[in-house]
Amino acid sequence: MSADALLDALDPEQRAVATALTGPVCVLAGAGTGKTRAITHRIAYGVRTGVYRPASVLAVTFTARAAGEMRVRLRDLGAAGVQARTFHAAALRQLGHFWPRVVGGAPPRLLEQKAPIVAEAGRRVGVSVDRVSVRDLSSEIEWAKVSLVTAEDYQRAAEAVRRPTPAGQEPQAVARMLTAYEDVKAERGVIDFEDVLLLLAAMLAQRGEVADEVRAQYRHLVVDEYQDVSPLQQHLLDQWLGGRHDVCVVGDPSQTIYSFAGASPHHLMTFTRKHPRATVVRLVRDYRSTPQVVGLANRVLTATRRPGDPAPLHLVAQQPDGPPVRFTAYDDDEAEAAGVAARASRLIASGVPASEIAVLYRTNVQAEAFEQALAAAGVGYQVRGGERFFSRRDVRDALVLLRGGARAADPGVPLGETARDVLTSAGWAPAPPAARGAARERWDAMQALVGLADDLAAARPGATLVDLVAELDERAAAQHAPTVDGVTLASLHAAKGLEWDAVFLVGLSEGLMPISLAQTDAAVAEERRLLYVGVTRARRHLELSYAAARTPGSRAGRRRSRFLDGLWAGEGGRGGRAAAADVRAWVAGAGRPGAAGRPGGAGAAGTSGAGGATTGGDRAVLDRLRAWRAGVAAERGVPAFRVLPDVALEALAAAMPTGPAELQRVHGLGQTRLREYGPDLLRVVAGDDVPAGRRPAPRS
């Protein structure tokens, strides 16, 4: 790809980023505006025009997954050799290189878990620690270190930001813990992840020859997600720069959601003060989401903006119109989970892949209800933040098989076919197992590997199993897992940097959004930004909901989140509470798991089983069913077969069901269609007058 072709692929603002190759550059990039595209094209353009040597560029970001994605993009753009790493990975590499020369011997062992050291430190200073308090104190130690707060300054610093002390401890006790923690580490000869940055920054500040070597190597720096930089990371960045200004930072203050961990948008907001001649580019064209989603995102940020607050970036949607944002109030948590599962089933039946649907919540404890509801609905799911994909034993075993297969694979056989042959012995089959559980989870993982093989073969014709293994090794190092076919369950924090076709934002009640722990104006403002991040994860379908009560029959004492005041739509009509009863009843009846045509199985795909009659049905009933289907298809703007396939209509006309139990036994429907169309289908079969195109009453 020529240098000019690189620029042709960009919009005017992205092109301004790509051509600003020298001097300080600040890119204020809203959600979905193509910031990664802009900065990777900038690096590739610099390499292609000869301004940069690939090895002279260091791009740092905050997650291994984002760094891995950046490396892949740069490689595809012809800029292989550029260092794209997390802050910690870059620092660890440099520290390991210089330690033998500066200190002597091998670097200290890296501590993977703080818990044992924190527990020992607590015992030494007389602080009672259990499993929960160890976790909280570990997080507090990390905050202090990334905020460059010493034990002597801890109490003053915590009070200055009105930071509650962890585990019910007095500030003086936490300060003693900080000192004891460092003592225990020193005795055991280990360092933690924060020490990696601290030690490298000190080495660069104190050893001029080391600093000169690093600065001669890395002439051009790029920092992604700059709104999340901590004082410690900024301190290291300053050492890397050594007073130079050849740095490009990219961020969005409206997506600052990690202040509790030491992140601060201060450095992004004051960048032009530190670098007065900086080029500033604003990316506001949102290529991800529909105008409906973008409109709500803009309003979430501006609804309570106070005088003097900096104006957030106002996104401008570039996608065509989509469906309206849905708002639903449920009776209770159980009804909310069942309603969301039913809506997810309908989306899957309409053609949205399960892997393109996410349920996002504020706290991880909310996940269980949605896991149960999705399982009851026969919908596959994956919980983000659980066991890492490449750490799973079945995935590790599959990688061993693929490595062995790579040595004997016939290069003339297509990659996808070879991968399927090898992975059959690891649990893959052409169709998923009928039941959920460990067997289905294993199949989902193997199917993700098969899908990656297909993607690699399409992107690189002639790719072999050796290439697939290399790709998997690179992804494992970056923890960049392939896509698993299931609805994603994730916290709002874990969803940062990701996107889906359909997003459900759930549990949007006071106490959860904003969370009850948010007691200061700054903390509440961060909660609002967290909701904004959640909204902007959706490409096309977005649904927001909350439950008025925790359990069925209990007092409806919850109130909708204050962040939705003035934004909530649909009040006064038939709302989600009436729909929740319908959903619960239907799940208990015709939609029970185990029905023919379970989502993801043959029935959901529209194929017929042994009972799928194609002749002998009541012709008048078949005609009525076709007329009804045509009306629904016209209203929704989808092909008729997407509503129900011919084989299902013929089976209905042959079976003439009179109730949910009989309807459940008709082949070719599937659970999601039973939920969505069941009552209408029974009326059409019975000869009742159902207007063509009448959509089923909303159930969620």
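From a predicted model like this one, the values you see are computed outputs, not experimental measurements.
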Scanning both residues in full, the closest heavy-atom pair of Arg73 with Arg37 reads NH1-N, 3.4 Å
For Ser491 and Asn364 the tightest heavy-atom approach is CB-OD1, 3.7 Å
Just wondering, do Leu423 and Leu402 contact through their side chains at under 4.5 Å, heavy atoms?
yes
One should read off an interatomic distance between Thr36 OG1 and His41 NE2, to the nearest 0.5 angstrom, of 11.5 Å
Show, in sequence, the C-alpha distance, side-chain angles and deciding distance for Cys248 and Val223, and conclude whether the side chain to side chain contact (heavy atoms under 4.5 Å, CB included) test is met. CA-CA 6 Å; Cys248 172; Val223 186; over 6 Å; no
Notebook entry, point to check: Within a strict 4.5 Å, meaning less than it, do heavy atoms of the Arg537 and Leu360 side chains meet?
Noted result: yes
Original post:
Given Leu415 and Thr464, is the side chain to side chain contact (heavy atoms under 4.5 Å, CB included) satisfied, shown in steps?
Top reply: CA-CA 5 Å; Leu415 174 57; Thr464 66; 5.6 Å; no
- Answer whether the closest heavy-atom distance between the side chains of Leu28 and Asp252 falls below 4.5 Å. no
* To do: Determine whether Leu58 and Val222 make a side-chain contact, defined as any pair of heavy atoms from C-beta on separated by less than 4.5 Å.
  => no
(message) For Phe370 and Tyr361, take the angle between the two ring planes, folded into 0 to 90°, and tell me which bin it lands in: parallel under 30, tilted 30 to 60, perpendicular over 60.
(response) parallel
**Message:** Would you say that Val293 contacts Thr536 through its side chain, given a criterion of any heavy-atom pair below 4.5 Å between the two side chains?
**Reply:** no
Notebook entry, point to check: For the side chain of Thr86 and the backbone of Thr63, is there at least one donor-acceptor N/O pair under 3.5 Å apart?
Noted result: no
One pair to check against salt bridge (Lys or Arg N to Asp or Glu O under 4.0 Å): Arg420 and Asp454. What are the steps and the verdict? CA-CA 10 Å; Arg420 285 170 172 81; Asp454 290 339; 2.8 Å; yes
Criterion side chain to side chain contact (heavy atoms under 4.5 Å, CB included) on Val316 and Val294, from CA distance to verdict: CA-CA 7 Å; Val316 181; Val294 169; over 6 Å; no
For this session: For the pair Asp246 and Arg219, find out whether any cationic side-chain nitrogen is under 4.0 Å from an anionic carboxylate oxygen.
Result: no
Rounded to the nearest 0.5 angstrom, the CD-CG distance for Gln255 and Leu268 is 11.0 Å
Rounded to the nearest 0.5 angstrom, the CD-CZ distance for Gln319 and Arg288 is 11.0 Å
dist Arg75:CZ -> Met70:CE (nearest 0.5 Å) comes out at 14.5 Å
Checklist entry - Taking the side chain from Arg629 and the backbone from Leu644, do they hold a donor-acceptor pair closer than 3.5 Å? => result yes
Heavy-atom nearest pair, Leu489 first then Tyr381, reads CD1-CD1, 3.9 Å
Are side-chain heavy atoms of Phe62 and Phe87 found at a separation under 4.5 Å?
yes
Heavy-atom check, side chain of Asp421 versus side chain of Thr418, under 4.5 Å:
no
| Between Arg403 and Asp473, is the closest basic N to carboxylate O distance under 4.0 Å? | yes
query: Is it true that His493 and Tyr258 have ring centroids separated by less than 6.0 Å?
result: yes
Q) Does any non-hydrogen side-chain atom of Leu110 lie less than 4.5 Å from one of Leu92? A) yes
message: Using the rule given for side-chain hydrogen bond (donor to acceptor under 3.5 Å, both in side chains), can you reason through Trp240 versus Gln94, listing the C-alpha separation, both sets of side-chain angles and the distance that settles it, and then say yes or no?
response: CA-CA 11 Å; Trp240 278 336; Gln94 293 177 28; 3.0 Å; yes
> Taking Gln292 for the side chain and Gly322 for the main chain, is one N or O donor matched with an acceptor at less than 3.5 Å?
Replying inline: yes
Of all heavy-atom pairs linking Leu347 and Ala502, the shortest is CD1-CB, 3.7 Å
Would you call Arg539-Asp501 a salt bridge at under 4.0 Å N-O? yes
OG1 (Thr40) and NZ (Lys35) are apart, to the nearest 0.5 Å, by 10.0 Å
Can any side-chain N or O of Tyr226 pair as donor or acceptor with the backbone N or O of Val27 at less than 3.5 Å?
no
When every non-hydrogen atom of Gly486 is compared with those of Gln382, the smallest separation belongs to O-NE2, 3.9 Å
query = Where do Leu221 and Val60 land on the side chain to side chain contact (heavy atoms under 4.5 Å, CB included) test, with the steps shown first?
reply = CA-CA 8 Å; Leu221 279 79; Val60 289; over 6 Å; no
Arg282 atom CZ, neighbour heavy-atom count above 12 within 6.0 Å: no
Value for CG (Leu313) from CG (Leu315), rounded to nearest 0.5 Å, stands at 7.0 Å
Closest heavy-atom pair, Asp321 versus Arg540, reported as atoms and distance to 0.1 Å, is O-NH1, 3.6 Å
